[in-house]
Amino acid sequence: MFHVLERRIQNTFHRRIQERYGADIPVVIEQPRQSDFGEIALPAAFQLAKVLKQAPRRIASELLAGMAPIPGVAALEVAGNGYINVRFDRGAYAQALLKAEEQVREETGRKIIVEHTNINPNKAAHIGHLRNAALGDTFVRMLRARGKRVEVQNYIDNTGVQVADVVAGFHFLERKTPGEVEALTANRFDYLCWDLYARVSAHYKEDPDSLRWRAETLHAIESGEGDLARMAHIVSDAVTAAHLETMLRLGVEYDVLPRESEILHLKFWASAFEQLKARGAIHFETEGKNAGCWVMPASAFAGGSGTEDSKVIVRSDGTVTYVGKDIAYQLWKFGLLGKDFHYRPLRAYPDGRQVWVTTGEPREHAPEFGRGTRVYNVIDVRQSYLQDVVVAGLRALGYEQQAAESIHFSYEMVALSQRCAAELGIELSEEDRKRPHVEVSGRKGLGVKADDLIDKLIEKALEEVAARHPEVSAEEQRAVATQIAVGALRYFLLKFTRTSVIAFDFQEALSFEGDTGPYVQYSAVRARNILRKLEERGEPLPDFQSELPPEALARQLAFEDFWQVLLAASKVDAAVERAVESGEPAHVAKYAFQLAQAFNNFYHQYHILHETDREKKVFLLWMTDFFRSQLEQTLSILGIDVPPYM
RNA sequence: GCGCCCGUAGCUCAGUUGGAUAGAGCGUCUGGCUACGAACCAGAAGGUCGCGUGUUCGAGUCACGCCGGGCGCGCCA
């Protein structure tokens with residue numbers, strides 16, 4: 001609701017400024033420093049002062065003089081050195097909120113693709129992967145909440161070095177047959193691979209000769225035949241299934257899993273290669289250190305200075321680099337490759353959503369994937385350089401529009417705090433001990449596994465739930481504890497802005513107080529409790545529309561406290577819109593927390609069920625119900641459930 | 001060496017794209033449970049926004065230069 005009025009005011013002033021001064025300036029909207037200045041502040045006069053060489057205060061007065069009233073706005077005032085402060089018509093605003101039907105937003109328009117998670121299917125997921133998935137999934141929810149059509153992709157590199165290393169471990173180190181590996185998949189297979197991967201990596205270091213295992217395995221995977229190739233499929237399929245399960249615990253779902261094996265099998269690269277050669281985006285190097293390679297000139301992606309090295313796309317042995325394949329994949333996402341995958345259903349989620357996986361053979365009845373008009377790649381900041389090369393590839397092919405719509409949704413890494421590393425018993429060198437944090441490393445088997453962390457959170461929440469609700473069944477206690485644990489974890493991963501390195505610390509992540517998910521959940525539970533208690537007392541929920549005419553709303557909202565609380569709760573759409581524009585899920589988390597804070601204060605200060613004045617009681621109940629709905633909506637965008645009790 | 005990011009209260013972090021008196025959580029101290037369950041609320045203390053120049057009506061925010069830290073810069077992925 002707030003966003004609607006905000007836009008209306010913005011547009012009105014935009015037109016007004018054009019008519020009065022002939023200036024086409026973007027009208028900036030701010031929140032006044034103090035709440036008694038009004039609901040919205042416009043610093044437009046300051047912007048105009050530059051151009052017009054006049055005092056801002058005078059311009060502000062001129063703008064307001066003779067202006068037609070804006071629906072929903074009670075007053076416009078000049079304040080300070082030239083601010084224009086806007087006061088809403090409180091009664092009308094509340095009336096609009098009260099009347100607004102729960103509008104189910106159609107997901108329409110052009111398709112947006114968000115790719116996230118992308119974990120190598122050779123080991124258990126860890127906290128770094130969780131940050132990726134939490135950011136990606138929340139951003140998807142934000143876009144959908146704003147009515148966008150979104151497709152979620154999770155790319156699976158099932159033929160790469162990392163899978164090969166684990167397969168090599170099973171075959172050469174453990175001497176296992178595919179059948180024996182298959183049998184191992186039944187029980188915590190991703191954990192088993194976690195350890196094996198670390199062991200193989202250590203073995204390579206001790207005995208560099210054994211690196212030929214990797215080469216042999218990769219070769220076998222590419223040919224698609226033999227025990228090693230079969231084992232690669234067993235490993236990657238089983239670990240991928242484990243990842244889907246882990247992510248589902250956090251409410252993260254996907255639409256399609258594009259796999260590297262199909263990108264190879266369907267020869268995506270060959271199509272991309274032809275395009276790149278034909279457009280001269282890459283050229284064959286005949287001399288220098290890159291002789292024999294197809295390279296992209298640095299001028300294409302490094303700001304045009306040309307002093308940097310070119311990027312090799314095809315090696316001198318004819319094989320394609322990772323970036324090359326990524327260019328082909330990015331082209332496919334926009335429907336520009338001239339080739340497509342085939343698909344089969346992989347599994348159905350409890351909510352009915354179906355996740356598909358790519359296959360090499362045609363099948364019927366598969367939906368259409370890809371062909372997006374905008375693509376967000378959720379990938380950590382360390383791959384910025386390579387993402388730049390991919391975008392440069394598109395641009396070099398003449399796909400300017402798609403290059404501009406290719407967005408690297410980057411985020412900083414998750415490291416371990418020194419204390420966390422010590423708790424995990426990780427031995428560190430003197431050098432590492434001086435660093436602010438310790439980097440997670442799958443290769444070294446160094447990190448906090450996602451499922452371990454979730455389990456730990458559930459156990460901690462369970463202690464609290466059991467202490468507070470000894471009367472309910474153990475099963476129910478666990479269900480509630482799980483919702484709280486997930487709320488705590490998702491919120492923790494989302495509360496930091498994307499550019500902030502998270503130094504993971506158990507004490508912080510396991511906190512349920514203050515700026516945390518459970519705090520927000522608790523606030524929503526309290527709102528629900530009031531409404532439930534009302535019902536338990538045999539009082540029906542009032543018909544707010546008939547019992548709260550505009551005069552009553554205006555009367556109650558003349559009281560500043562109530563107005564501020566209502567105003568805060570009505571800003572969901574504005575908060576989410578701002579978060580989408582800036583690409584910051586953290587802004588939604590921050591808003592949720594502020595909302596919860598406002599409600600907790602309200603809850604403490606006014607005893608709704610004991611209110612004796614009928615109009616006030618009905619009004620307070622409406623506020624409670626409105627708060628509940630807005631808080632629930634915000635939490636659902638964050639992927640956080642509201643438990644039945646806490 | 002080049003590029004990107006970070007530096008704000010004791011600690012962990014926000015800061016609405018350049019706006020009014022720099023905020024929150026944790027921690028510390030003080031007060032509040034026979035109220036809709038305190039995973040809560042109220043209050044206090046705590047700041048040279050790393051340093052310096054500049055841009056302008058106005059800078060935590062922009063530019064440049066330093067200082068400190070992190071991450072990239074493979075015919076790895």
Side-chain angles (χ1 to χ4, degrees), chain A residues 28-34 37 41 43 46-47 49-50 55-56 79-83 85 120 157 160-162 289-295 302-303 305 307-309 311-323 325-326 380-386 388 410 412-413 415 417 435-437 439 461 464-465 468-469 484 488 495-503 505 507-508 511-516 518-519 521-523 525-534 537 574-575 578-579 581-582 584 586-587 589-590 593-594 597 600-601 603-610 624 645-646:
Chain A
V28 177
I29 292 263
E30 285 171 28
Q31 192 176 326
R33 188 113 219 104
Q34 287 174 30
F37 286 170
F46 295 107
Q47 296 166 263
K50 270 186 207 156
N81 295 325
Y83 270 97
N85 289 336
N120 267 299
D157 184 6
V161 170
Q162 295 208 21
K289 64 172 185 170
N290 292 332
C293 299
W294 286 87
V295 303
S305 66
T307 53
E308 295 83 357
D309 284 349
K311 177 67 196 169
V312 172
I313 305 296
V314 181
R315 303 181 185 100
S316 53
D317 67 1
T319 57
V320 197
T321 60
Y322 166 76
V323 196
K325 287 186 274 191
D326 225 21
D380 82 67
V381 71
R382 289 173 290 191
Q383 299 211 34
S384 294
Y385 164 72
L386 295 171
D388 285 350
S410 74
E412 269 291 354
M413 59 172 180
S417 71
R435 290 163 158 264
H437 37 65
E439 198 172 346
E464 294 285 337
V465 174
R468 289 157 202 250
H469 303 279
I484 294 168
K495 69 193 269 193
F496 304 94
T497 49
R498 291 189 286 129
T499 51
S500 175
V501 175
I502 298 182
D505 188 278
Q507 195 167 310
E508 283 173 36
S511 169
F512 296 160
E513 287 164 18
D515 188 12
T516 67
Y519 175 94
Q521 289 174 309
Y522 187 56
S523 180
V525 166
R526 283 176 138 184
R528 281 187 178 180
N529 273 349
I530 293 172
L531 301 170
R532 200 189 58 229
K533 282 274 149 84
L534 184 80
R537 290 167 160 224
R578 185 169 71 85
E581 271 171 27
S582 58
E584 272 298 1
H587 291 159
K590 181 65 74 186
F593 177 64
Q594 284 166 350
Q597 256 184 329
N600 275 339
N601 172 279
Y603 174 95
H604 189 260
Q605 219 170 334
Y606 305 100
H607 303 290
I608 296 153
L609 295 180
H610 303 91
T624 303
Y645 46 79
M646 280 179 80

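Because the structure is predicted, anything quoted here is derived from the model rather than measured. Throughout, protein chains are lettered first and strands after them, A, B, ... in sequence-line order, and every chain is numbered starting at 1.
Distances shown here put a side-chain N or O of A:Y519 below 4.0 Å from the OP1 or OP2 atom of B:C41. Distances shown here put a side-chain N or O of A:Q597 below 4.0 Å from the OP1 or OP2 atom of B:G25. At B:C4, none of the side-chain N or O atoms of A:R382 fall inside 4.0 Å of OP1 or OP2 (strictly under the cut-off). Contact between the side-chain N/O atoms of A:R315 and the OP1/OP2 oxygens of B:A77 is found at a separation under 4.0 Å. Residue A:N601 places none of its side-chain N or O atoms closer than 4.0 Å to OP1 or OP2 of B:C41. For the OP1/OP2 pair of B:A77 and a distance below 4.0 Å, the side-chain nitrogens and oxygens of A:Y322 include no atom meeting the criterion. The phosphate of B:G74 has neither OP1 nor OP2 within less than 4.0 Å of any side-chain N or O from A:K311. Regarding contacts with the backbone of B:A38, a side-chain N or O of A:Y603 is found under 4.0 angstrom from either OP1 or OP2. Close to B:A77, at under 4.0 Å from its OP1 or OP2, lies no side-chain N or O of A:N120. OP1 or OP2 of B:G15 lies within a sub-4.0 Å distance of a side-chain N or O belonging to A:H587. Residue A:R468 has a polar side-chain atom (N or O) positioned under 4.0 Å from OP1 or OP2 of B:A39.
Neither side chain, A:R526 nor A:N529, offers a donor N or O lying under 3.5 Å from an acceptor on the other.
When the P atom is compared between B:G32 and B:C51, the two are found 41 Å apart, to the nearest whole Å. B:A39 and B:C62 have their C1' atoms separated by 43 Å, given to the nearest Å. Going from the C1' atom of B:U61 to that of B:U17 covers 8 Å, rounded to whole Å. To the nearest whole angstrom, the two C1' atoms, one in B:U56 and one in B:C41, are 44 Å apart. To the nearest whole angstrom, the two P atoms, one in B:G7 and one in B:C49, are 14 Å apart. Straight-line distance between the P atoms of B:G15 and B:G52: roughly 24 Å, to the nearest whole Å. Distance check on atom P: B:A42 versus B:U48 gives 27 Å, rounded to whole Å. Atom C1' of B:U8 sits at a distance of 8 Å from the matching atom of B:A22, rounded to the whole Å.
Residues A:R315 and A:T321 share a closest heavy-atom pair of NH2-CA, 3.8 Å.
Within 4.0 Å of A:H607, counting heavy atoms only, lies at least one base atom of the nucleic acid. A:E30 comes within 4.0 angstrom of a nucleotide base, judged by non-hydrogen atoms across all strands. Across all strands, A:L531 comes closer than 4.0 Å to no nucleic acid atom at all (heavy-atom distances). Using a 4.0 Å heavy-atom cutoff across all strands shown, A:I484 reaches at least one base atom of the nucleic acid. Contacts of A:D157 with the nucleic acid, taken as non-hydrogen atoms under 4.0 Å apart, involve only primed sugar atoms and P, OP1 or OP2. Heavy atoms of A:A575 sit nowhere under 4.0 angstrom from any nucleic acid atom. Within the nucleic acid shown, A:A291 comes within 4.0 Å of at least one base atom, counting heavy atoms only.
Between A:F593 atom CZ and B:C26 atom P the separation is 7 Å, expressed in whole Å. Residue A:R435 contributes atom CZ, which lies 16 Å from atom P of B:G68 at whole-angstrom precision. Between the CG atom of A:D326 and the C1' atom of B:A77 there is a distance of 10 Å, given to the nearest Å. When rounded to the nearest whole Å, the span between CZ of A:F46 and C1' of B:A59 equals 15 Å. Per the geometry, CD belonging to A:E584 stands 13 Å off C1' belonging to B:C5, to the nearest Å. Distance, A:E513 CD to B:G25 P: 13 Å, rounded to whole Å. Straight-line distance from the CZ atom of A:R498 to the C1' atom of B:C6: 15 Å, rounded to whole Å. Summarising the geometry, the separation between CD on A:Q383 and P on B:C4 is reported as 19 Å, rounded to the nearest angstrom.
The base of B:G37 sits within donor-acceptor range of the side chain of A:H469, with an N or O pair under 3.5 Å. Between the base of B:A20 and the side chain of A:N85 there is a donor-acceptor pair shorter than 3.5 Å.
For A:V28, taking side-chain heavy atoms from C-beta onward, the closest of the listed nucleotides B:U17, B:A77, B:G70 is B:U17. Closest to the side chain of A:Q31, from the set B:U16, B:G37, B:C75, is B:U16. Candidate nucleotides B:G37, B:U16, B:C5 were compared by shortest atom distance to the side chain of A:T499, and B:C5 ranks first. Checking B:A39, B:A20, B:G69 against the side-chain heavy atoms of A:P436 singles out B:G69 as nearest. Closest to the A:T321 side chain, of the nucleotides B:C71, B:A77, B:A39, is B:A77. The side chain of A:H604 has B:G32 as its nearest neighbour among B:C73, B:U16, B:G32.
Pairing partner, B:G74: none, since no Watson-Crick or wobble contact has both distances short of 3.5 Å. The partner of B:G23 is B:C13, judged by Watson-Crick or G-U wobble contacts that both fall below 3.5 Å. Using N1 to N3 plus N6-O4 or O6-N4 for Watson-Crick, or N1-O2 and O6-N3 for G-U wobble, each under 3.5 Å, B:A42 pairs with B:U30. Within the shown strands, nothing qualifies as a pairing partner of B:A35 under the Watson-Crick or G-U definition with both distances less than 3.5 Å.
Side-chain atoms of A:E513 and A:Y519, non-hydrogen and from C-beta on, never get closer than 4.5 Å to each other. The side-chain heavy atoms of A:V295 and A:I313, taken from C-beta on, include no pair separated by under 4.5 Å. Between A:Q383 and A:Y322 the shortest side-chain heavy-atom distance falls below 4.5 Å. In this structure, A:R468 and A:M646 have side chains that are not in contact, with every pair of non-hydrogen atoms separated by 4.5 Å or more. Side-chain contact between A:K495 and A:K590: absent, with no pair of heavy atoms (C-beta onward) separated by less than 4.5 Å.
A donor-acceptor distance shorter than 3.5 angstrom exists from the side chain of A:S384 to the backbone of A:V381, with no hydrogens or angles considered.
When the nearest nucleotides of RNA chain B are assigned to A:K325 and A:E464 by heavy-atom distance, the more 5′-ward of the two goes with A:E464. Residues A:G160 and A:A41 both approach RNA chain B. Their nearest nucleotides, taken by heavy-atom distance, put A:A41 toward the 5′ side.
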| Can you list the steps and then say if A:Y385 with A:K311 is a side chain to side chain contact (heavy atoms under 4.5 Å, CB included)? | CA-CA 10 Å; A:Y385 164 72; A:K311 177 67 196 169; 3.6 Å; yes

Would you tabulate the pairs of protein nitrogen or oxygen atoms and nucleotide nitrogen or oxygen atoms of nucleotides 8-13 of chain B closer than 3.5 angstrom?
from  : atom 1 : to     : atom 2 : distance (Å)
B:C13 : OP1    : A:V501 : O      : 3.3

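One finds the CD atom of A:E30 at 10.0 Å from the CG atom of A:N85 (value rounded to the nearest 0.5 Å). Taken to the nearest 0.5 Å, the CE atom of A:M413 stands 8.5 Å off from the CG atom of A:D380.
Taking syn as a glycosidic angle within 90° of 0, B:U16 does not qualify and is anti.
Every residue two or more places apart in sequence or in another chain was checked for a ring pair (Phe, Tyr, Trp, His ring centres under 6.0 Å) with A:F37, and none qualifies.
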